[in-house]
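Contents: one structure, followed by commentary.
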Amino acid sequence: MTLRLGTRASLLARTQSGLVADALTAATGLPCELVPIRSEGDDPRVSLDAPPRPGAFVATLRDALFAGEVDFVVHSYKDLPSAPLPGLVIAAVPAREDARDVLVSRTGAPLPELAPGAVVGTSSPRRSAAIRRARPDLVITPIRGNIDTRLRLVATGDLDAIVLAAAGLSRVGRLSEASEIFDLAVLVPAPSQGALAIECRAGDPLATALAVLEDHRSRVEVTAERAVLEGVAATCATAVGARATWSDGCLDLTADLADHAGVTYARITESVTLGPAADVHPAVPIIAAANLGHSVAARLLTGTP
């Protein structure tokens, strides 16, 4: 039996899904075929700030999954709404790519060296807010389209620079075009950026096979980050960043929030001791990670230092 893997049709989505398909076949012997699906977010007429349904880039894929048109789907985890969808389950979170953001500029200059008034393209409220904090003299303009389209706008001089996810550039083999990889002090990544989510129907025996691709560290980190999303009641228009790292038995979480729920800007870092992965029950870090994310979210909303 050949498994049908639903994916968006962009180069990045097909590349990501192909990596998952190859890894699953190598681990289990199960062959996979990619089934490209056009998402609502790929329609330029759909507003990303207020889409008809939450998760504009994933809703159509989930429709196909519910309808039995595909057996499982692969998402960029950051595209998923914070609330789980009844009837579906995240069967695996593979090892995460670089979570950071990058700047690609026409001249190769990093952010501090862009000329005053330079035009930077991004449709992300989080990225826009961070760029304005660092360089209020720059002009931010919204952009849509796949990686190739966005990079072309820089190459042709339509834009002076754009901000992208390092993971996406890396997966399509173009990370060398980045002018700067942003430090956490300048730009906190989107919650679960760089991670993939492999989703199937709840109760499907396929979930057991998909679980071989699970990376426990990545699952714990994105759990903490996505709990921040849930805790601040984030929408597509919320400027919120979160980055968790599990290292040496400690889970560290940094998150920031701008212009949301009465908060002008807040940034919080908090940690919890988990212990070495080999010494604790797998469920314990997940629960602790969620609690940490909710705690940080509450502090962001109240301004508690």
- Taking all heavy atoms of P36 and all of A9, pick out the closest pair and write down the distance. CB-CB, 4.1 Å
- Joint cluster assignment, L206 & I90, ILVMFWY side-chain distance < 4.5 Å: no
- Message: Under a 3.5 Å cutoff, is there a donor and acceptor pairing between the side chains of T245 and E221?
- Response: no
- Message: Given 3.5 Å as the limit, does a donor-acceptor pair link the side chain of S170 with the main chain of A166, or not?
- Response: no
- Query: Which pair of heavy atoms, one from P191 and one from G241, lies closest together, and at what distance?
  - Reply: CD-CA, 4.2 Å
- Message: How long is the straight-line distance from CZ of R150 back to CG of L169, given to the nearest 0.5 Å?
- Response: 10.5 Å
- Item | Sub-4.5 Å side-chain heavy-atom contact between T7 and H75 | no
- Task: Examine distances only and state if a side-chain atom of T28 and a backbone atom of L30 form a donor-acceptor pair shorter than 3.5 Å.
- Result: yes
- Message: Checking L65 against E199 for the side chain to side chain contact (heavy atoms under 4.5 Å, CB included) test, could you report, in this order, the C-alpha distance in whole Å, the side-chain angles of both residues, the deciding distance, and whether it holds?
- Response: CA-CA 9 Å; L65 191 53; E199 191 172 47; 4.2 Å; yes
- Message: Does D248 have more than 12 heavy atoms from other residues, nucleotides or ligands lying within 6.0 Å of its CG?
- Response: no
- Minimal heavy-atom distance between P81 and V58, with the atoms involved, is CD-CG2, 4.0 Å
- Item | Euclidean distance, R62 CZ relative to R201 CZ, rounded to 0.5 Å | 13.5 Å
- Message: What I'd like to find out is whether the side chain of L274 reaches to under 4.5 Å of the side chain of V272, using heavy atoms alone.
- Response: yes
- Query: Are V104 and V119 connected, step by step, through hydrophobic side chains (Ile, Leu, Val, Met, Phe, Trp, Tyr) whose heavy atoms are closer than 4.5 Å?
  - Reply: yes
- Query: Are E225 and R96 close enough, and set up right, to give a salt bridge (charged side-chain N to carboxylate O under 4.0 Å, His left out), and what steps lead you there?
  - Reply: CA-CA 13 Å; E225 295 165 12; R96 188 183 203 174; 2.7 Å; yes
- Message: Count I, L, V, M, F, W, Y as connected when their side-chain heavy atoms are under 4.5 Å apart, and connections chain through other members. Are L3 and V70 then in the same cluster?
- Response: no
- Are the side chains of P285 and H216 in touch, meaning some heavy atoms are under 4.5 Å apart? yes
- Query: Roughly how far, to the nearest 0.5 Å, is the CG atom of D71 from the SG atom of C32?
  - Reply: 8.5 Å
- Query: Under 3.5 Å, side chain of E180 to main-chain N/O of L111, donor-acceptor pair present?
  - Reply: yes
- Query: I37 and G6: which non-hydrogen atoms are nearest, and at how many Å?
  - Reply: CD1-CA, 4.2 Å
- Item | Polar side-chain atom of R171 near backbone of G194 as donor-acceptor pair, under 3.5 Å | yes
- Roughly how far apart are Y77 OH and R226 CZ, rounded to 0.5 Å? 5.0 Å
- Message: Less than 4.5 Å apart, side chain to side chain, heavy atoms only: is that true for V120 and L159?
- Response: no
- Expected output: side-chain R4 to main-chain V35 donor-acceptor under 3.5 Å: no
- Message: Less than 3.5 Å apart, any donor N or O on the side chain of S10 or N146 sitting next to an acceptor on the other?
- Response: no
- Heavy-atom side-chain proximity of V163 to F182 below 4.5 angstrom: yes
- Residue pair L11 / I147, side-chain heavy-atom distance below 4.5 Å: no
- Task: Look up atom OG in S192 and atom CZ in R243, then write down how far apart they are to the nearest 0.5 Å.
- Result: 10.5 Å
- Item | Validation row: V154, R152 side chains within 4.5 angstrom (heavy atoms) | no
- Is R135 reaching over with its side chain to a backbone N or O of L114, donor-acceptor style, under 3.5 angstrom? yes
- Task: May I ask whether I131 and L153 are part of the same hydrophobic cluster, defined by side-chain heavy atoms of I, L, V, M, F, W, Y residues being less than 4.5 angstrom apart, directly or through others?
- Result: no
- Item | Side-chain heavy-atom pair V93, L196 within 4.5 angstrom cut-off | no
- Message: With side chain to side chain contact (heavy atoms under 4.5 Å, CB included) as the criterion, how do L88 and F66 come out once you've worked through the C-alpha distance, each side chain's angles and the decisive distance to 0.1 Å?
- Response: CA-CA 8 Å; L88 300 181; F66 274 123; 3.6 Å; yes
- Query: Nearest 0.5 Å, what's the CG-CG distance between D256 and L184?
  - Reply: 8.0 Å
- Backbone of A13 reached by a side-chain donor or acceptor of S17 within 3.5 Å: yes
- Within the distance-only criterion (no hydrogens, no angle test), does the side chain of H294 pair as donor or acceptor with the backbone N or O of V228 below 3.5 angstrom? no
- Task: Give the C-alpha distance, both sets of side-chain angles, the deciding distance and a yes or no for side chain to side chain contact (heavy atoms under 4.5 Å, CB included) between I162 and T122.
- Result: CA-CA 6 Å; I162 56 174; T122 177; over 6 Å; no
- Message: Whether the side chain of R133 engages the backbone of V186 through a donor-acceptor N/O pair (distance < 3.5 Å, no angle test) should be reported.
- Response: no
- When you look at T269 and T254, which way does the side-chain hydrogen bond (donor to acceptor under 3.5 Å, both in side chains) test go after all the steps? CA-CA 4 Å; T269 297; T254 294; 2.9 Å; yes
- Message: Test of understanding: clusters of I, L, V, M, F, W, Y form through side-chain heavy atoms closer than 4.5 Å, transitively. Do V220 and I287 belong to the same one?
- Response: no
- Verify, without hydrogens or angle tests, whether S105 (side chain) and A109 (backbone) share a donor-acceptor contact under 3.5 angstrom. yes
- Note on the structure: Of all heavy-atom pairs linking A224 and L251, the shortest is CB-CD2, 4.1 Å
- Query: Does a side chain donor of either Q193 or D101 reach within less than 3.5 Å of an acceptor in the other side chain?
  - Reply: yes
- Please report the C-alpha distance between D252 and W246 in whole Å, then the side-chain angles of each, then the deciding distance to 0.1 Å, and finally whether the side chain to side chain contact (heavy atoms under 4.5 Å, CB included) criterion is met. CA-CA 6 Å; D252 301 308; W246 185 11; over 6 Å; no
- Considering all heavy atoms of both residues, which atom of L210 and which atom of A92 are nearest to each other, and what is their separation? O-CB, 3.3 Å
